[in-house]
Amino acid sequence: MPSSLRRLFATILVFCEPSNVRGLWDRHMEAMTEDYRLTQMCPHAVEQMALLDIKNMLESMGKDISSFPLPEIDESYDASDNEAREIIEESTIEVDPEHLGLSSFLNPEQRYAYDEILATINSGQGGVFFVDGPGGTGKTYLYKALLAKVRAEGKIAVATATSGVAASILPGGRTAHSRFKIPLNTEDGGVCSFTKQSGTAKLLMRASLIIWDEASMTKRHAVEALDNSMRDIMARPDLPFGGKTIVFGGDFRQVLPVVRKGTRSQITDATLRKSYLWENMRQLRLVRNMRAQSDPWFADYLLSVGNGTEDTVDDDYIRLPDEICVPYTSDATDIDKLIESVFQMTLEENLLDPNYITSRAILSTRNEYVDKINMKMIERFPGEEMIYYSFDHAEDDPHNYYPAEFLNSLTPNGLPPHILKLKINCPIILLRNIDPASGLCNGTRLIVRGFMRNAIDAEIVLGQHASKRVFLPRIPLCPSDDEMFPFRFKRKQFPVRLSFAMTINKAQGQTIPNVGVYLPEPVFSHGQLYVALSRATSRSNMKILTVPDKKRKASPTPLQILQRT
Ligand SMILES: Nc1ncnc2c1ncn2[C@@H]1O[C@H](COP(=O)(O)OP(=O)(O)OP(=O)(O)O)[C@@H](O)[C@H]1O
């Protein structure tokens, strides 16, 4: 608990702009140092130990403790020997014995990739790879085996992914943007924003292996910026990534980079495939769907949906297998049937089991649909309800043109709702990268364990940090797309949403053994339907509810449910 409180303190300093930092420290120092006081009698030493811990947390959130009015740090208490924090963090990642054993179960394509990558590390020659595999072919499994092997040999392996969710699945995983300090808007010739002397540069120079998962979702400029910086810090300008072993992976059938209002060709143009680096990347192909290996028919079906070879109807639609569809009757109870088939709400003891609740989810295309299902779910979930209201305001609205009720009604992407209804043991998903080094990234899944007036007590339930308890504060949040409104919108709320249901994009990279999909409209971007379908392990534990597209003329038979690719 004291360590969770120190983390909460660091989070408040970074995100909440407290007016009296020193007062906050003085008031809560005793609670924040309870663990250190068990082994250390000297009050000064206890204070220093806590300050050093907070200093490290702040650094990993990109802040310097000296910019806050806290007691001075006495470096003589720092046992890190001037080693860069980034290197200490990476070299102390514990190797999960289960991951060390994964190499014995690799399928032939995974084994080939594993051996080829390790050979370049061991020879010291370096190499650039792209692991190309449709959803569920075991890319993450391969990375876990590689990371465990390299780290168990005492070498440094840096694990990154484009999205926070995918990063949180990898041991020691961080988002590529935060780990490599890639500026948000990079262009041709761009570089990362770390210096040659920085901890990041030292870490990358020492790394034997660098992994970047979901590289298919990132803009090529981001990868090119890393290439430019690596050539520079390694002083090997002629070698891609300065001669390091670097493994990219992804699936171009799934969601591609976001290009605002971009055409299909602008989006394709932004992908890594169009980079000058692409031809230097050795392709390693994974082909067997390991997620759906118990249902080979389904595995083949998924592949043909992903590759765009599934037969279409009216050019634009594909047929979904009857057995996975919840029949559409236009009745409001259709959604209840979908919910029931995924969650089996009648069994209360199941709902209170974190494994049960996080092994199932309903996916949909938009936040408004996701919210609707989450609302239904929380009403039915057992327990007493806690409601947190947000404080909303328009920053540049001196004449109050936008009343509070209007601001409260807004539901922009990436922001929590104005009315956040929660219950103990309900599942939530984090909406911001609060502290990626401790597993708190955009997409981390947690279970609510307790409520305070200004903090939520929660437990991380998936990934490397599973079972860690954290306190989440209310923080000021702005929509990711700041051109969405004619004013600057700010909402102060806990950065979480319920996660009985979530958007398809948030589910990318996850295996969801029992998945429901709610499509009240045709999917609207490339790869979305494929991402949703490919989370499942077989036809028998997936259910889809689609609403027929009104623009489409009569379907061949009313209950054959068709969906646009
Ligand atoms: N060789 C293997 N033996 C047994 N199970 C495996 C193997 N490879 C992968 N799996 C299992 O298959 C499922 C999908 O694997 P994984 O998540 O690694 O796929 P992926 O290619 O990363 O998928 P996505 O693109 O959807 O993120 C996981 O449950 C994983 O444990």
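Indexing begins at 1, ligand by ligand and atom by atom, following the structure's order.
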Novice: May I ask you to test the Ile169-Leu462 pair for a side-chain heavy-atom distance under 4.5 Å?
Specialist: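 Result no, sub-4.5 Å side-chain heavy-atom pair not found.
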
Novice: Going from CG on Asn442 to OG1 on Thr175, what distance comes out if it is rounded to the nearest 0.5 angstrom?
Specialist: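 Going from CG on Asn442 over to OG1 on Thr175, the span is 9.0 Å.
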
Novice: Inspect the contact between Lys274 and Asp269 and indicate whether a charged nitrogen and a carboxylate oxygen are less than 4.0 angstrom apart.
Specialist: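 So Asp269 does not pair with Lys274 through a salt bridge.
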
Novice: Run the numbers for me: atoms of ligand 1, each under 4.0 Å from some heavy atom of Thr137, listed by number.
Specialist: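 Under 4.0 Å from Thr137, ligand 1 has these atoms: 19 (O), 21 (O).
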
Novice: Got a second to check how far Glu323's CD is from Phe298's CZ, nearest 0.5 Å?
Specialist: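 Between Glu323 CD and Phe298 CZ, I get 9.5 Å after rounding to 0.5 Å.
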
Novice: Identify, for atom 27 (O) of ligand 1, the protein heavy atom at the shortest distance, and state residue, atom and that distance.
Specialist: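 Ranking protein heavy atoms by distance from atom 27 (O) of ligand 1, first comes Gly509 CA, 3.3 Å.
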
Novice: Give the residue, atom name and distance (to 0.1 Å) of the protein heavy atom nearest atom 29 (O) of ligand 1.
Specialist: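 Residue, atom and distance for the closest contact: Thr511 OG1, 3.9 Å.
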
Novice: Closest by any non-hydrogen atom to atom 17 (O) of ligand 1: pick that one out of Arg111, Lys139, Arg291.
Specialist: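 Going through Arg111, Lys139, Arg291 one by one, Arg291 has the nearest heavy atom to atom 17 (O) of ligand 1.
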
Novice: Angle class for the Phe500/Phe343 ring planes (parallel below 30°, perpendicular above 60°, tilted otherwise)?
Specialist: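 Answer is perpendicular, since the angle exceeds 60°.
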
Novice: Please state whether the rings of Trp212 and Phe248 are parallel, tilted or perpendicular, taking 30° and 60° as the class boundaries.
Specialist: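 The arrangement is tilted - the two ring planes meet at 30° to 60°.
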
Novice: Tell me, which protein residue and heavy-atom name are nearest atom 22 (O) of ligand 1, and how many Å apart are they?
Specialist: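 The answer is Thr140 OG1, 2.6 Å.
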
Novice: Any nitrogen or oxygen of Leu106, main chain or side chain, under 3.5 Å from a nitrogen or oxygen of ligand 1?
Specialist: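 No - when backbone and side-chain N and O of Leu106 are compared with those of ligand 1, no distance drops under 3.5 Å.
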
Novice: Mind checking whether Glu214 has a heavy atom under 4.0 Å from ligand 1?
Specialist: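 Glu214 does not count as a contact of ligand 1 under the 4.0 Å cut-off.
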
Novice: Below 4.0 Å from ligand 1: does a non-hydrogen atom of Ser534 turn up there or not?
Specialist: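 Not so, Ser534 does not reach ligand 1.
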
Novice: Would you say NZ of Lys181 has more than 12 non-hydrogen atoms from neighbouring residues, nucleotides or ligands within 6.0 angstrom?
Specialist: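 More than 12 heavy atoms, drawn from other residues, nucleotides or ligands, come within 6.0 Å of this atom.
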
Novice: List the closest protein heavy-atom neighbour of atom 30 (C) of ligand 1: residue, atom name, distance to the nearest 0.1 Å.
Specialist: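 For this ligand atom, the closest protein heavy atom is Tyr141 CD1, 3.9 Å.
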
Novice: Please determine whether the number of non-hydrogen atoms from other residues, nucleotides or ligands lying under 6.0 Å from atom NZ of Lys337 exceeds 12.
Specialist: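 It does: Lys337 NZ has more than 12 such atoms within range.
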
Novice: Would you mind listing which atoms of ligand 1 come within a distance below 4.0 Å of any non-hydrogen atom of Arg535?
Specialist: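 The list of qualifying atoms is 24 (P), 26 (O).
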
Novice: Hey, which atoms in ligand 1 end up nearer than 4.0 Å to a heavy atom of Gly135?
Specialist: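 In order of numbering, the contacting atoms are 23 (O), 24 (P), 25 (O), 26 (O).
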
Novice: Do other residues, nucleotides or ligands put more than 12 heavy atoms under 6.0 Å from the CD atom of Glu94?
Specialist: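 Incorrect, the count does not exceed 12.
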
Novice: Among all protein heavy atoms, pick the one closest to atom 23 (O) of ligand 1 and tell me residue, atom and distance.
Specialist: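 Heavy-atom neighbour on the protein nearest atom 23 (O) of ligand 1: Gly136 N, 2.9 Å.
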
Novice: Can Leu118 and Leu146 be said to form a side-chain contact (heavy atoms from CB on, under 4.5 Å), step by step?
Specialist: CA-CA 8 Å; Leu118 286 182; Leu146 283 165; 4.0 Å; yes

Novice: Can you find a non-hydrogen atom of Asp251 under 4.0 Å from ligand 1?
Specialist: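 No; Asp251 lies far enough from ligand 1 that no heavy-atom distance drops under 4.0 Å.
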
Novice: Given Arg288, Lys144, Met290, Gln110, which has its nearest heavy atom closest to atom 12 (O) of ligand 1?
Specialist: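 Going through Arg288, Lys144, Met290, Gln110 one by one, Met290 has the nearest heavy atom to atom 12 (O) of ligand 1.
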
Novice: With a 3.5 Å distance limit and no angle check, can you tell me whether Asn541 reaches the backbone of Ser538 through a side-chain donor-acceptor pair?
Specialist: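 Pair found, side chain donor or acceptor close to backbone of Ser538.
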
Novice: Looking at non-hydrogen atoms alone, which of Pro513, Gly138, Gly249, Pro108 comes nearest to atom 15 (O) of ligand 1?
Specialist: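 Among Pro513, Gly138, Gly249, Pro108, the closest heavy atom to atom 15 (O) of ligand 1 comes from Gly138.
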
Novice: Of all the atoms in ligand 1, which lie at a distance below 4.0 Å from a heavy atom belonging to Phe105?
Specialist: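 That gives atoms 1 (N), 2 (C), 3 (N) of ligand 1.
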
Novice: Is the shortest N/O to N/O distance between Gly133 and ligand 1 below 3.5 Å?
Specialist: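 The answer is no, given that Gly133 and ligand 1 share no N or O pair closer than 3.5 Å.
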
